There are 2 protein chains.
Amino acid sequence: MERADVLPMLGEVFREHGFEGASLAAITARTGLGKGSLYHFFPGGKEEMAAAVLAEIDSWFETHVFAPLREGEDAPAAIRDMLGKVDAYFRSGRRVCLVGVFALSDTRDRFSDKVQGYFAAWRDALTGALRRAGLADAEAAERAEDGVLAIQGALTLARALHDPDVFTRTLKRLERRLLA
Amino acid sequence: MERADVLPMLGEVFREHGFEGASLAAITARTGLGKGSLYHFFPGGKEEMAAAVLAEIDSWFETHVFAPLREGEDAPAAIRDMLGKVDAYFRSGRRVCLVGVFALSDTRDRFSDKVQGYFAAWRDALTGALRRAGLADAEAAERAEDGVLAIQGALTLARALHDPDVFTRTLKRLERRLLA
DNA sequence: TTTTTACTGTACCAATAGGTACACACAGCG
DNA sequence: CGCTGTGTGTACCTATTGGTACAGTAAAAA
């Protein structure tokens, strides 16, 4: 087993339990790795594990979501692609956003830069795409903020109501609202 | 000190640390109450404390937000009032939603009914008001869902970006979007 | 073949977790 | 006065927490 294989499993543990709630015992159970291996891969302990997961998430979004949003020729198509990728990533509302989980509660302060960076990058990339799609600067910024926050809110509400469809519906609504 | 005086302080501790992160030590520090008093007021321990806080929040929203939304003569005015109350409650984006915090992570399962009930009540009350404001059923339901989720998302994004204004802006945008 | 290197399990640690037991204070009241 | 109920501090309990130390294994590199 390589370090890279562990990251997704770590991500799920942090997603489900939060940073504080993700005990070494839970991590061991989920990954099948003992403390020996865990501390071999992540000498910095839980903090390094969470940082590594955050970095991997950031990199995934960077290549699959943010970059296409910035560089896509056809801006409206890039935005639609973003929504598709997001739907897949969050398993149509059945999965929660780790960065969002960290953002609430005081775990944010521990990973302040990464959390802030993730959302800022997303918002800015989307703003750019909306501008290229023909919107005025102010309008583009406003809709981008609205889009990012709607996705987060939809994940929260979907989970609270045990109703993943909330997320799917929101994505559909967003497609119309962003590109209108 | 009475039990009722403790609840707001408990609420802040859970808000900031989440359920798992809110250690008895943190609770003691915040409330100034030792274990003796704490377990006198809440024999059920942390679980009962969190349940009591959740109940108090629910009751506050019921009387100040949900009920006016259901019973207000002037529906558009009731919706505007809701936004005002929400802005005050969440301190213009500087405070986070406890129920939202619990909804993410596995704390949700512990308080599943309360979490679900809170958001369902909010959404349904808002749906009703929008209908009374003249919207068709489907459109009203859609906008209500959108409104509740935007508030949650705005709180998350505001906190992630260290920028409470995100919340204020969202509330403004929402006023236009809901009543348009 | 020898020597590294990457990995893993076990035992252990001090600190903290949530929770209990109980003696005590101090009202209000008869 | 004495009694009773509501609070509160202290001491204590066991389980678990995150983390360390280290001996061992196995495979690759020399």
Side-chain angles (χ1 to χ4, degrees), chain A residues 1-56 98 101-102 104-112 114-115, chain B residues 1-56 98 101-102 104-112 114-115:
Chain A
M1 179 112 58
E2 293 169 37
R3 200 184 119 118
D5 302 323
V6 192
L7 289 178
M9 292 185 267
L10 281 177
E12 293 309 315
V13 183
F14 284 125
R15 241 180 262 279
E16 287 169 23
H17 304 286
F19 182 77
E20 321 274 355
S23 65
L24 270 280
I27 294 173
T28 291
R30 185 78 175 221
T31 59
L33 261 46
K35 292 189 180 184
S37 315
L38 250 15
Y39 277 83
H40 174 71
F41 289 132
F42 309 96
K46 263 178 76 173
E47 182 120 11
E48 187 177 343
M49 297 180 208
V53 169
L54 241 23
E56 208 218 16
L98 213 215
V101 172
F102 279 13
L104 306 175
S105 95
D106 62 351
T107 309
R108 178 200 59 169
D109 305 323
R110 221 186 261 257
F111 305 102
S112 192
K114 302 228 186 198
V115 169
Chain B
M1 181 110 60
E2 294 168 39
R3 200 185 120 120
D5 302 323
V6 191
L7 289 178
M9 293 185 266
L10 281 177
E12 293 310 315
V13 182
F14 285 124
R15 243 179 262 279
E16 287 169 22
H17 304 285
F19 182 77
E20 322 273 356
S23 66
L24 269 281
I27 293 173
T28 291
R30 185 78 174 220
T31 59
L33 260 45
K35 292 188 181 185
S37 314
L38 250 15
Y39 276 82
H40 173 71
F41 290 132
F42 308 97
K46 265 178 75 173
E47 182 120 11
E48 187 177 344
M49 297 181 208
V53 170
L54 240 24
E56 208 218 17
L98 212 216
V101 172
F102 279 11
L104 306 175
S105 96
D106 62 351
T107 309
R108 178 200 59 168
D109 304 323
R110 222 188 261 257
F111 305 102
S112 191
K114 302 228 187 200
V115 168

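In this text, all values refer to a predicted model and were calculated from it rather than measured experimentally. Every chain is numbered from 1 and lettered A, B, ... according to where its sequence line falls, protein lines coming before strand lines.
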Inset, instruction - May I have the distance from B:L38 (atom CG) to C:dA17 (atom P), rounded to whole angstrom? - result: 14 Å

Inset, instruction - Report the distance from atom CZ of B:R3 to atom C1' of D:dG7, rounded to the nearest whole Å. - result: 14 Å

Inset, instruction - Report the distance from atom CD1 of A:I27 to atom P of D:dG18, rounded to the nearest whole Å. - result: 7 Å

Legend entry - Nearest listed nucleotide, side chain of B:S37, among D:dT8, C:dA17, D:dG19: D:dT8

Inset, instruction - Go through C:dG18, D:dT17, D:dG18 for me and flag the one nearest to the B:Y39 side chain. - result: C:dG18

Legend entry - Over all atoms of both residues, closest heavy-atom pair of A:D106 and A:E20: OD1-OE2, 3.7 Å

Legend entry - B:M1 CE to D:dT8 P, straight-line distance once rounded to whole Å: 7 Å

Legend entry - Ion pair A:E48/A:R3, N-O distance below 4.0 Å: yes

Legend entry - Residue-phosphate contact under 4.0 Å: B:H40 side-chain N/O, D:dT8 OP1/OP2: no

Legend entry - Rounded distance in Å - CZ (A:F42) to P (C:dA6): 16 Å

Legend entry - Atom of B:H17, atom of A:S105 and distance for their closest heavy-atom approach: C-CB, 4.2 Å

Inset, instruction - On DNA chain D, check which nucleotide each of B:G34 and A:A22 is closest to and give me the residue with the more 5' one. - result: B:G34

Inset, instruction - Please work out which of the three classes, parallel, tilted or perpendicular, describes the rings of A:F111 and A:F19, given edges at 30° and 60°. - result: perpendicular

Legend entry - Donor/acceptor link under 3.5 angstrom from A:K35 side chain onto base of D:dG19: yes

Legend entry - Sugar-phosphate, base or nothing in reach of B:A26, heavy atoms under 4.0 Å: nothing

Legend entry - Any A:S23 side-chain N or O less than 4.0 Å from OP1/OP2 of D:dT17: yes

Legend entry - Integer-rounded Å distance: C:dG19 P and B:E47 CD: 8 Å

Inset, instruction - Mind checking A:F41 for me? I need base, sugar-phosphate or nothing, with any heavy atom below 4.0 Å counting as a touch. - result: sugar-phosphate

Inset, instruction - Mind listing the closest non-hydrogen atom pair of B:R15 and B:V101 along with its distance? - result: O-CG2, 4.3 Å

Inset, instruction - Could you state the atom-to-atom distance from NE2 of A:H17 to C1' of C:dA17 in whole Å? - result: 17 Å

Inset, instruction - Rounded off to whole Å, could you give me the CD-to-P distance for the B:E48 and C:dT20 pair? - result: 12 Å

